[in-house]
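Report on the structure given below.
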Amino acid sequence: MTHRIIQPEGWLPAKGYANGVLTRDGTLHIGGQIGWDGDKRFVSDDFVGQMHQALKNIAVIVEAAGGQVSDVTRLTWFVTDKSDYLARQAEVGAAYREVFGRHFPAMSMVVVAGLVEDEALVEIEATAHLS
């Protein structure tokens, strides 16, 4: 096996990219996830709602590869509104803990002018190491 594409069951296929790529050494690279569900419908027009869904998407991809969220070692967040993120830290933390619990991988945040999907307010990519 060179590497295996990870596509959660029941999700519409990604166009032009892979949701996840698992390498033979157990490294799982997860493409940027946004606030839509497996049917590519946005669950919210709100930052925290979209962030929560993006994290849930990451968890589903990790589980589809045979892992769990505690295997995630890195998250990179791309946000379109820094002030909204900063103003809602308590909500962000609560939504994060619903998905990741008390697991805190290395994280970076980048403020961007926009994302490919116009409705998207946040995109999060991840790396996990599965044993």
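None of the values given here were measured: they were computed from a predicted structure.
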Spacing of CZ belonging to F47 relative to CD belonging to E91, to within rounding of 0.5 Å: 10.0 Å

Stepwise side-chain contact (heavy atoms from CB on, under 4.5 Å) test for L22 and T27: CA-CA 6 Å; L22 181 61; T27 303; over 6 Å; no

Which atom of I61 lies closest to which atom of L28, heavy atoms considered: O-CD2, 4.2 Å

Atom NZ of K82 with >12 non-hydrogen neighbours under 6.0 angstrom: no

Closest approach of V62 to I30 (non-hydrogen atoms, all atoms of both residues): CG2-CD1, 3.5 Å

Side-chain donor or acceptor of N57 paired with backbone N/O of G35 under 3.5 Å: no

Spatial distance of atom CE (M51) from atom NZ (K56) [nearest 0.5 Å]: 11.0 Å

ILVMFWY cluster, M109 and L121 together (side-chain gap under 4.5 Å): yes

Step-by-step side-chain contact (heavy atoms from CB on, under 4.5 Å) determination, I58 to L75: CA-CA 10 Å; I58 289 168; L75 294 171; 4.0 Å; yes

Test item: H29 side-chain N/O and G20 main-chain N/O as donor-acceptor pair under 3.5 Å: no

Transitive ILVMFWY side-chain link V48 to Y85, under 4.5 Å: yes

Cluster check W77, V111: I/L/V/M/F/W/Y, side chain < 4.5 angstrom: yes

For T127 against R74, the heavy-atom pair lying closest together: OG1-NH2, 2.6 Å

Nearest non-hydrogen partners of G67 and L130, listed with the distance: CA-CD2, 3.7 Å

Exercise: identify the closest heavy-atom pair between D39 and L12: O-CD1, 3.3 Å

Salt-bridge present (D81, R88; N to O < 4.0 Å): no

Closest heavy-atom pair and its distance - Q33, A54: O-CB, 3.4 Å

4.5 Å side-chain heavy-atom contact, F100 and L55: yes

Interatomic distance, I6 atom CD1 to N19 atom CG [nearest 0.5 angstrom]: 10.0 Å

Residues F78, I124; criterion side-chain contact (heavy atoms from CB on, under 4.5 Å); working and verdict: CA-CA 6 Å; F78 302 90; I124 306 171; over 6 Å; no

Nearest-0.5 Å distance that lies between atom OG in S131 and atom CG in D71: 6.0 Å

Separation of Q50 CD from L115 CG (nearest 0.5 Å): 9.0 Å

Verdict with supporting geometry, I5 and V21, side-chain contact (heavy atoms from CB on, under 4.5 Å): CA-CA 5 Å; I5 301 300; V21 177; 3.9 Å; yes

Joint hydrophobic cluster, M107 plus V122, side-chain heavy atoms closer than 4.5 Å: yes

Mutual orientation of the aromatic rings belonging to Y96 and F104 [parallel < 30°, tilted 30-60°, perpendicular > 60°]: parallel

Rounded distance [0.5 Å steps], CZ in F42 versus CG in D37: 10.0 Å

